[in-house]
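I have placed the structure first, in the form of structure tokens, so that the comments after it can refer back to it.
Side chains are part of it too, since the values below use all heavy atoms of this structure and drop only hydrogens, waters and symmetry mates.
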Amino acid sequence: MAIMKQLHELGGVPAEHAAEPDQKLAVVACMDARMDVYEILCLKTGDAHVIRNAGGVITDDVIRSLAVSQHKLGTRHIMLLHHTKCGMAGFDEEKFRDDLTATAGFSPEWSADGFDDVDLDVLQSVARIRANPFVPFKGWIGGYVYDVDTEEVRPAAPQRPQAC
């Protein structure tokens, strides 16, 4: 606790922030360095829990974090934020697994979970959360895509067939 007091005195950490996010929001986002989640979503420190990994994938660990966030820290809303030009788009899972096996001498137990369509991946991620019994508060789960070129955020949408 002494370090937190010291950081507060230096102007680095507001003393009034609690572990419970002010907006009752948990955000699952890609770890891409081009995305400043707080800036993109106009959040301040203390507004939300932000959970990040490669591709913003809904892994067991993300479910664990969402369960803690909801059960112990009061979040009620979930936002998924993926982005265009993601390194996980078109990801060659088999080659990656082969490379890891060659390096480590054995294959990982987890999947990297690449995808071909960012919108479809967001919608599938929303469905994974909705189907999970450990994440009980499902009233608002939003799926969005951040465009790294235009810096705009839009709702994820299923691909529509082209008109004749």
Side-chain angles (χ1 to χ4, degrees), residues 1-89 91 108-115 117-158:
M1 193 61 179
I3 190 70
M4 293 301 284
K5 183 178 179 191
Q6 215 175 5
L7 287 172
H8 173 65
E9 288 170 0
L10 293 172
V13 177
E16 69 275 3
H17 287 298
E20 298 86 3
D22 296 338
Q23 301 300 319
K24 298 193 179 308
L25 174 67
V27 178
V28 179
C30 183
M31 67 185 196
D32 192 293
R34 295 171 289 183
M35 291 177 55
D36 180 339
V37 175
Y38 284 87
E39 182 178 315
I40 291 167
L41 300 177
C42 300
L43 296 170
K44 299 181 308 290
T45 299
D47 279 351
H49 289 154
V50 177
I51 304 160
R52 298 181 78 164
N53 67 25
V57 175
I58 305 305
T59 62
D60 287 345
D61 193 57
V62 168
I63 293 297
R64 178 188 69 84
S65 294
L66 288 172
V68 170
S69 182
Q70 287 194 345
H71 287 272
K72 297 294 183 187
L73 299 168
T75 60
R76 297 296 179 261
H77 318 295
I78 300 170
M79 175 185 237
L80 299 163
L81 184 62
H82 293 200
H83 64 94
T84 59
K85 298 183 179 178
C86 183
M88 298 306 289
F91 192 81
E109 295 179 9
W110 40 265
S111 170
D113 291 325
F115 55 87
D117 181 308
V118 67
D119 289 89
L120 181 58
D121 192 58
V122 172
L123 298 173
Q124 289 172 342
S125 295
V126 168
R128 278 189 206 129
I129 293 171
R130 288 201 182 282
N132 195 287
F134 299 114
V135 181
F137 300 102
K138 299 173 178 150
W140 189 83
I141 303 174
Y144 294 86
V145 176
Y146 171 72
D147 187 308
V148 297
D149 292 326
T150 66
E151 298 183 347
E152 293 178 359
V153 177
R154 63 172 174 75

Please work out whether the ring planes of His82 and Phe115 are parallel, tilted or perpendicular, with thresholds of 30° and 60°.
tilted

* Asked: Below 4.5 Å, heavy atoms only, C-beta onward: do Ile58 and Val28 meet side chain to side chain?
  -> yes

Could you tell me whether Asp60 atom CG has more than 12 heavy atoms of other residues or ligands within 6.0 Å of it?
no

For Cys30 and Met35 the tightest heavy-atom approach is CB-SD, 4.3 Å

ask   = More than 12 heavy atoms of other residues, nucleotides or ligands under 6.0 Å from NZ of Lys138: is that the case?
value = yes

- Query: With no hydrogens and no angle check, is any side-chain donor or acceptor of Thr75 less than 3.5 Å from a backbone partner on Ser69?
  - Reply: yes

Is there a side-chain contact between Val27 and Ile51, using heavy atoms and a 4.5 Å cut-off?
no

Heavy-atom side-chain contact between Val145 and Val153 under 4.5 Å = no

Q) Would you say Gln70's side chain and Phe137's backbone share a donor-acceptor pair under 3.5 angstrom? A) yes

**Q.** Salt-bridge present (Asp32, Lys85; N to O < 4.0 Å)
**A.** no

For Tyr38, look at atom OH and say whether over 12 heavy atoms of other residues, nucleotides or ligands are found less than 6.0 Å away.
-> yes

Tell me whether Arg154 is salt-bridged to Asp119, with the criterion being a basic N under 4.0 Å from an acidic carboxylate O.
yes

